[in-house]
Amino acid sequence: MSYEMIAILMFSSMMLMLLTGQRVFGAIGFVAVVASLLLWGDRGGYDLAFSSAMKLMKWYPLLTLPMFIFMGYVLSESKIADDLYRMFHVWMGGLHGGLAIGTIGLMVLISAMNGLSVAGMAIGATIALPELLKRGYDKRMVSGVIQAGSSLGILVPPSVVLVLYAMIARQPVGQLWLAGVIPGLMMAALFVIYIAIRCRLQPNLGPVLNAEERNVPMGEKIRLLGAGLLPLFIFFVMMVPFVKGWTSLVESSAIGAIAAFLAAVVKGRMNRTVFETCVKNTLGISCMFMWIILAALCFGAVFDGLGAVKAIESLFTEKLGLSPWAILILMQVSFLLLGTFLDDTAMLVIVAPLYVPLVGELGFDLIWYGVLYTITCKIAYMTPPFGYNLFLMRAMAPPEITMRDIYGSITPFVMVMVLALVIVMLVPEIALWLPDYFYNK
Amino acid sequence: MTGALRGYIRIIDGFNYRVGRIMMYGIFVMMAILLYSSASKIMGTPSLWTLEMAQFAMVAYYMIGGPYSIQMGSNVRMDLLYAEWSTRTKAWVDAITVLALIFYLGVLLYGGLASFAYSLGHFGGSPIAFFSELFHAFFTGGTEAAGEVLGFIERTASPWRPVVWPVKFLMCIGVFLMLLQAIAEFFRDILRLTGDAA
């Protein structure tokens with residue numbers, strides 16, 4: 001059997017195993033060990049499975065994952081973001097769609113503190129969503145804003161998705177994080193422009209706050225600005241020692257987690273139940289990620305051993321005669337299609353080992369591709385029928401928002417994100433300028 | 001028969017639950033190590049051991065805490081079809097596919113034991129034979145005879161150079177507990193199919 005055939009067989013049996021609904025790590029791990037046992041006999045087979053566990057252990061930046069998960073739970077469970085929302089509410093309420101724009105601002109701040117999109121989603125759905133609905137905002141608008149906004153979490157540093165990407169692509173995490181800054185802010189700006197235009201044309205989607213609510217004394221307004229200091233404080237406590245080179249990335253993430261925890265304690269929001277939920281769920285989610293990565297590393301190692309990437313590359317360039325750009329665009333499209341029916345974490349660890357080396361073979365910049373990859377992931381999370389964000393939203397939103405509303409709400413925002421993706425593809429400098437500026441002075 | 005299955009599930013569930021409840025505080029162990037590490041760097045006397053110690057802590061955290069995460073149902077499934085099935089169909093399919101999970105964990109455990117044996121200076125052949133020889137020597141001739149069986153002790157390639165075997169040992173225990181938990185899940189599916197809710 002040719003290597004291409006083996007690769008295709010492995011991939012399709014993995015998809016089949018995933019469809020049975022067994023735990024993702026079990027499905028991937030099983031296919032990987034069976035393939036390696038058949039290919040290289042018993043010794044090679046079991047060595048490969050366990051050596052991926054050792055590889056995982058030695059991969060130091062992965063320690064940021066439990067730290068950010070813990071921090072995300074602390075931020076969302078202890079509700080210390082309430083004041084932050086109040087700040088935007090008071091300052092932006094006077095504009096058409098102002099609360100929606102304020103929510104995007106809230107999401108940017110939360111993204112700057114945490115590397116996962118779940119935290120932003122939870123805060124958006126529990127704090128911003130009920131307030132916006134009460135003020136007569138269109139429910140589709142609101143649900144779209146929260147989903148789109150929370151997805152910024154994985155592009156604005158610190159970002160866990162880019163940490164995982166860095167592991168697979170063997171690229172420096174610091175440069176990848178810097179590369180995400182401008183595209184992330186650009187995307188937030190595009191969202192804001194879209195909301196502003198849409199609400200100007202259809203004012204009933206995002207009504208201005210009534211005079212009574214707008215009439216907040218200036219002193220109170222200034223006091224609320226103080227709420228904005230919390231994320232800035234956490235962001236700087238985390239990023240300054242890292243950028244200055246005093247601490248490593250991982251140590252910074254631990255400092256950030258501790259800072260968030262202390263902030264919750266000082267504000268008196270850390271009680272027994274919140275503490276229990278945070279600690280317990282951090283273990284659950286960390287284990288889920290780690291075991292999937294463990295199995296996927298083993299799967300990836302079998303693929304590496306087969307030289308499958310080389311085979312696929314030659315299939316595209318030599319047999320089909322496609323140019324590198326055509327292949328890149330095809331890859332992004334297929335990525336989006338896969339993303340509609342694959343679970344997000346599964347996609348992250350299965351698709352990346354296949355695609356990333358191929359992009360490298362074609363001669364593209366892997367830092368730049370990291371940003372494209374992350375934006376594509378974000379879009380995939382949000383597209384029906386299988387978007388992780390959609391289900392989270394369904395779980396957190398009040399019952400008057402139906403699954404139909406949620407599906408409908410994301411369409412314009414997905415279009416904005418595709419636009420951002422195209423812009424970054426055409427103008428790589430948007431992603432590459434900042435890391436170049438910092439690292440090649 | 002069902003009584004035995006139920007007993008097994010109760011014991012394993014209870015044991016892994018308690019272990020998991022302890023391991024979940026491991027997040028604070030990792031934080032403390034990393035905080036100490038940053039402090040020592042800022043003071044200008046970076047410590048050598050923190051990096052690897054934090055890695056060891058994380059391995060223990062997710063390996064030994066793993067069975068509890070299975071109990072909590074944190075391990076995602078792709079529920080494209082799964083979500084639509086009846087409880088009985090789910091139990092049927094799970095009872096079959098969980099065997100794949102058990103197989104994977106079994107291979108992983110065997111690989112772990114081989115690697116553990118390697119870290120104690122055993123380079124080829126079956127790890128089982130090595131460990132039985134080791135135990136035999138220990139119980140007949142005490143620690144000295146057991147020391148004879150050991151070969152070159154593996155260390156990591158870092159300035160701190162800790163021995164590797166303790167962490168490999170912890171990993172083997174973690175995978176073993178995962179295996180026990182996966183078997184408990186298998187028994188639970190069987191009980192569901194025979195009509196006794198576990």
Side-chain angles (χ1 to χ4, degrees), chain A residues 17-27 29-30 32-34 37 43 45-51 53-54 56-58 60 62-63 66-67 70 241 246-248 250-255 257-258 279-292 295 341-343 345-346 385-386, chain B residues 20-21 23-28 30-31 33-35 37-38 41-42 50-51 54-56 58-59 61-63 65-66 68-70 72-83 85 90 93-94 96-98 100-105 107-108 110-112 114-115 167-168 171 175 178 182:
Chain A
M17 277 300 293
L18 283 174
L19 278 177
T20 64
Q22 186 47 257
R23 294 165 189 83
V24 169
F25 81 92
F30 174 71
V33 295
V34 169
L37 286 173
R43 181 88 211 176
Y46 59 75
D47 266 1
L48 201 64
F50 192 75
S51 66
M54 295 306 286
L56 190 64
M57 179 178 90
K58 287 180 187 134
Y60 188 49
L62 212 58
L63 268 160
M67 296 298 143
F70 179 73
W246 295 335
T247 60
S248 71
V250 176
E251 288 153 354
S252 283
S253 70
I255 294 173
I258 292 167
V279 175
K280 188 176 113 181
N281 289 336
T282 304
L283 177 78
I285 303 293
S286 302
C287 286
M288 174 205 68
F289 269 112
M290 294 297 178
W291 281 92
I292 292 182
F341 67 91
L342 262 185
D343 172 83
T345 34
F386 284 92
Chain B
R21 294 296 290 186
M23 288 318 289
M24 74 182 191
Y25 294 103
I27 185 87
F28 295 110
M30 285 185 262
M31 272 186 210
I33 296 171
L34 293 171
L35 192 66
S37 176
S38 346
K41 274 188 190 168
I42 291 170
T50 48
L51 191 152
Q55 289 174 332
F56 294 162
M58 187 178 73
V59 167
Y61 180 69
Y62 81 82
M63 281 274 174
Y68 183 44
S69 80
I70 290 193
M72 285 194 277
S74 313
N75 294 89
V76 289
R77 301 163 177 271
M78 211 172 96
D79 50 7
L80 182 60
L81 307 172
Y82 192 79
W85 293 337
K90 277 182 188 165
V93 175
D94 263 349
I96 297 164
T97 58
V98 83
L101 176 65
I102 292 170
F103 181 77
Y104 168 60
L105 290 170
V107 174
L108 195 60
Y110 194 76
S115 185
V167 70
K168 285 190 176 169
M171 286 162 97
V175 176
M178 273 302 250

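Letters A, B, ... are given to chains in the order of the sequence lines, protein chains preceding strands, and every chain is numbered from 1. Since the structure is predicted, the reported quantities are computational estimates derived from the model, not experimental observations.
- Contact count versus chain A (heavy atoms, under 4.5 Å) is highest, among B:Lys90, B:Arg21, B:Met23, for B:Arg21.
- The distance from the CD1 atom of B:Ile33 to the CD atom of A:Glu251 is 11.5 Å, given to the nearest 0.5 Å.
- Counting heavy-atom pairs under 4.5 Å between each of B:Leu105, B:Val175, B:Val98 and chain A puts B:Val98 at the top.
- Within the 4.5 Å cutoff, the side chain of B:Tyr62 has heavy atoms near those of the A:Leu56 side chain.
- Residues A:Val34 and B:Phe103 have side chains in contact (heavy-atom distance under 4.5 Å, counting atoms from C-beta outward).
- Looking only at heavy-atom pairs under 4.5 Å with chain A, the residue among B:Ser37, B:Gly66, B:Gly20 that has the most is B:Ser37.
- Ranking B:Ile42, B:Leu35, B:Leu51 against chain A, the residue ahead of the rest is B:Leu51, based on heavy-atom pairs under 4.5 Å.
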Can you list the steps and then say if B:Leu101 with A:Phe25 is a side chain to side chain contact (heavy atoms under 4.5 Å, CB included)?
CA-CA 8 Å; B:Leu101 176 65; A:Phe25 81 92; 3.6 Å; yes

Worked check of side chain to side chain contact (heavy atoms under 4.5 Å, CB included) between B:Gln55 and A:Leu62
CA-CA 9 Å; B:Gln55 289 174 332; A:Leu62 212 58; over 6 Å; no

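- Contacts between A:Met54 and chain B at a heavy-atom distance below 4.5 Å involve backbone atoms as well as side-chain atoms.
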Report the C-alpha distance between A:Met290 and B:Val59 in whole Å, list the side-chain angles of each, state the deciding distance to 0.1 Å, and finish with yes or no for side chain to side chain contact (heavy atoms under 4.5 Å, CB included).
CA-CA 9 Å; A:Met290 294 297 178; B:Val59 167; over 6 Å; no

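- In this structure, the separation between CD1 on A:Ile285 and OG on B:Ser69 is 9.0 Å, given to the nearest 0.5 Å.
- For A:Ala27, no part lies under 4.5 angstrom from a heavy atom of chain B.
- For the residue pair A:Pro66 and B:Ile27, the shortest heavy atom distance occurs at O-CD1, 3.6 Å.
- Only the side chain of B:Val93 comes within contact range of chain A, with heavy atoms under 4.5 Å apart.
- For the atom pair CG (B:Asp94) and OG1 (A:Thr20), the distance works out to 8.0 Å, reported to the nearest 0.5 Å.
- Put simply, CD1 on A:Ile258 and CZ on B:Phe28 are 9.5 Å apart, with the number rounded to the nearest 0.5 Å.
- For chain B, the option among A:Ala254, A:Gly284, A:Gly26 with the highest count of heavy-atom pairs below 4.5 Å is A:Gly284.
- With a threshold of 4.5 angstrom between heavy atoms, A:Ser51 does not approach chain B through any atom at all.
- In this structure, CZ in A:Arg23 is found 5.0 Å from CD1 in B:Ile70, a value given to the nearest 0.5 Å.
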Criterion side chain to side chain contact (heavy atoms under 4.5 Å, CB included) on B:Tyr68 and A:Leu283, from CA distance to verdict:
CA-CA 9 Å; B:Tyr68 183 44; A:Leu283 177 78; 3.4 Å; yes

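- B:Tyr104 is linked by a side chain to side chain donor-acceptor pair (under 3.5 Å) to nothing, counting only residues two or more places apart in sequence or in another chain.
- A distance of 9.0 Å separates OG in A:Ser253 from CE in B:Met31, rounded to the nearest 0.5 Å.
- Looking at A:Trp291, its side chain never comes within 3.5 Å of a backbone N or O of B:Met63 through a donor-acceptor pair.
- Residues A:Ser286 and B:Tyr61 have side chains in contact (heavy-atom distance under 4.5 Å, counting atoms from C-beta outward).
- Take B:Thr97 and apply the side chain to side chain donor-acceptor pair (under 3.5 Å) test, not counting sequence neighbours, and it matches A:Gln22.
- In this structure a side-chain-to-backbone donor-acceptor pair under 3.5 Å is missing from A:Tyr46 to B:Leu108.
- The parts of A:Tyr60 that come within reach of chain B are both its backbone and its side chain, each placing non-hydrogen atoms under 4.5 angstrom from that chain.
- At least one side-chain heavy atom of B:Met72 sits less than 4.5 Å from a side-chain heavy atom of A:Lys280.
- Of the listed residues (B:Gly65, B:Ala100, B:Gly26, B:Ala54), the one with the most heavy-atom contacts under 4.5 Å to chain A is B:Ala100.
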